[in-house]
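Everything on this sheet refers to the single structure shown next.
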Amino acid sequence: MADKICFIGAGNMAGAIIEGILSKKVCEASDIGVIDISREKCKKFAKRGINVYDTYEAAAKNSDIIFLSVKPQNYDEVLDALRGYTDGKIIVSIAAGISTKFIKSKLGKDSLVVRAMPNTPLLLGCGATALCHVAPVTDQQFDKVKRIFEAGGSVDILPEDKMNAVISVNSSSPAYVYLFAKAVIDGAVKQGIDYDTAKGLIAKTLEGSAKMIMSSGYSPDELIKMVSSPGGTTLKALEALYEHDFEGAIIDAMQRCTKRAEELGK
Ligand SMILES: NC(=O)c1ccc[n+]([C@@H]2O[C@H](COP(=O)([O-])OP(=O)(O)OC[C@H]3O[C@@H](n4cnc5c(N)ncnc54)[C@H](OP(=O)(O)O)[C@@H]3O)[C@@H](O)[C@H]2O)c1
C-alpha cells in the first residue's frame, strides 16, 4: 500500500511537489491530503481528488509523510498544532532556514525529520532538490522522501550545514534566471524585436545552454570561449558585463540570500 502524504500549507511549493507525485504516479490523488488556512487554495486540490483536512490532527493521523510547506514565519504555530500527532511519521521540511534541530525541539527529539530545499521548476518535472539525511531517519525512510522529489526532477544530497547556502544555488536562483531573461527580452524589444519572439528565443537559448553545461563536457569558461570569436560580437557584449561586475553582483546576491536564510533560521 502506498504511503499517505499530506501537505501543511497548500501554496506554490506544495502544488509543485504534488504535480510531480501525480505525474509520475508515486501515489494516487486519494493518498494525498492538504490543509491550508485558505479554503480557496484547498478547493483546487479537492477538484483533483486530493483530500482536504480541517484539522492538523486529522492531517497528521491520516498520513505517513507530512510535508511542512508553510513559510518559515508560520512554522511555530504549525509545529505547536502538530505536537503529539507525529510519532513515527516522516516530517519533510522545505522551509528556508529552519533546522531539523528546531523541528525536533518542538515535536520531540526522536522525530524523523528530512530537510529539503526544492525549487519551483518541480512543477514541470525539471526541478532540482537538495536533501539532507539526519538521524534517526533510516535509509529506507529517507529513500521514500527522495523518490517523491525525484518524481519532480533531480536530487542531490548535502550535509545540513550547507542547507542555507544551497538556497542561493537552486531555490532562489530561478528568480535570477528570470530577471536575466527579462533583461534580454527588454533589450530585444528596444532593438525592435517583438516581445513574444524574443521570449521564445531566450527561453530556448537558456534551455540549450543548460544542456550544454550538463552534457557537453565543457566547463562554463570553455563554453564562454566557444561563443567568443576574436574581434567578434560576444566579446563586446561580455566587455559590458565585466565592466558592470555581473559575476560580482550574482555572488553578492547569493550571499545576501544565505544571510536571509540564517536570519529566518531557528
Ligand atoms: N517558492 C519557492 O520557490 C520555494 C523554494 C524552496 C523552498 N520554499 C519554501 O517552501 C515553503 C512554502 O513556500 P511557498 O512559496 O509555497 O509559499 P506559499 O505559496 O505562501 O504557501 C504557503 C501556504 O501556507 C499557508 N499557511 C500559512 N499559515 C498556515 C497555517 N498555520 N496552516 C496551514 N497553512 C498555512 C499560506 O496561506 P497564506 O498565504 O494565507 O499565509 C499559503 O497558502 C516556504 O517555507 C519556503 O521557504 C519555497
Side-chain angles (χ1 to χ4, degrees), residues 5-21 32-46 50-60 62-63 66-83 85-86 91-100 102-103 106-107 113-132 145 148-149 152-156 158 160 162-179 253-254 256-266:
I5 305 170
C6 77
F7 291 81
I8 314 288
N12 295 315
M13 268 330 296
I17 298 165
I18 289 172
E19 217 45 65
I21 293 175
I32 305 174
V34 294
I35 179 169
D36 195 288
I37 46 177
S38 152
R39 303 299 297 172
E40 270 313 297
K41 282 188 190 159
C42 291
K43 267 190 199 158
K44 76 170 196 240
F45 291 101
I50 290 168
N51 302 293
V52 174
Y53 296 113
D54 291 325
T55 65
Y56 298 102
E57 181 181 353
N62 284 299
S63 308
I66 302 169
F67 277 77
L68 304 176
S69 42
V70 292
K71 287 181 274 283
Q73 295 87 333
N74 300 120
Y75 260 56
D76 264 322
E77 62 193 270
V78 162
L79 292 173
D80 287 342
L82 284 172
R83 191 178 300 132
Y85 307 126
T86 58
I91 311 290
V92 184
S93 170
I94 62 168
I98 305 285
S99 67
T100 57
F102 174 73
I103 296 168
K106 299 283 255 181
L107 297 181
V113 186
V114 176
R115 188 169 166 190
M117 196 38 65
N119 65 14
T120 47
L122 236 78
L123 196 58
L124 303 178
C126 42
T129 298
L131 285 185
C132 75
V145 177
I148 291 172
F149 285 106
S154 68
V155 170
D156 281 275
L158 285 179
E160 184 159 15
K162 298 292 176 282
M163 291 303 282
N164 282 344
V166 81
I167 300 170
S168 70
V169 183
N170 70 323
S171 289
S172 294
S173 55
Y176 334 149
V177 175
Y178 303 140
L179 182 63
M254 293 174 73
R256 290 191 203 192
C257 178
T258 304
K259 186 163 173 279
R260 181 64 186 143
E262 281 158 7
E263 285 164 5
L264 288 168
K266 296 169 194 250

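These numbers come from a predicted model, not from an experiment. Read the numbers this way: they start at 1 and go in the same order the structure lists the ligands and their atoms.
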Value rounded to 0.5 Å, distance of OG in S93 from CD1 in I98: 6.5 Å
Ligand 1 atoms in contact with S69 (distance to a heavy atom under 4.0 Å): 12 (C), 22 (C)
Any donor-acceptor N/O pair, N170 side chain to A128 backbone, under 3.5 Å: yes
Atom 16 (O) of ligand 1 - nearest protein heavy atom and its distance: M13 N, 2.8 Å
From CA spacing to verdict: side chain to side chain donor-acceptor pair (under 3.5 Å), S63, Y53: CA-CA 11 Å; S63 308; Y53 296 113; 4.6 Å; no
Pick from T120, V70, I8: the one approaching atom 26 (N) of ligand 1 most closely through a non-hydrogen atom: V70
Ligand 1 contact on N74 by region, counting heavy-atom pairs under 4.0 Å: side chain
Minimum-distance protein heavy atom relative to atom 46 (C) of ligand 1: I94 O, 4.1 Å
Per-residue contact class, D36 against ligand 1 - non-hydrogen pairs under 4.0 Å: both
Minimum non-hydrogen distance to atom 19 (O) of ligand 1, winning option of N170, D76, N12: N12
Within-cut-off N or O pair, K71 and ligand 1, under 3.5 Å: yes
Euclidean distance, I21 CD1 relative to L122 CG, rounded to 0.5 Å: 9.5 Å
Gap between atom CZ of R115 and atom CG of L158 - 0.5 Å precision: 10.5 Å
Atom indices of ligand 1 within 4.0 angstrom of M117 heavy atoms, with elements: 6 (C), 7 (C)
Contact check, P118 vs ligand 1, heavy-atom distance below 4.0 Å: yes
P72 and ligand 1 - part of the residue with a heavy-atom distance under 4.0 Å: both
Any donor-acceptor N/O pair, S69 side chain to I8 backbone, under 3.5 Å: yes
Subset of ligand 1 atoms that lie under 4.0 Å from at least one heavy atom of S171: 6 (C)
Salt-bridge criterion met for R260 and E263 (N-O under 4.0 Å): yes
Non-hydrogen atom of Y56 closer than 4.0 Å to ligand 1: yes
Under 3.5 Å: donor-acceptor pair, side chain of N51, backbone of I32: yes
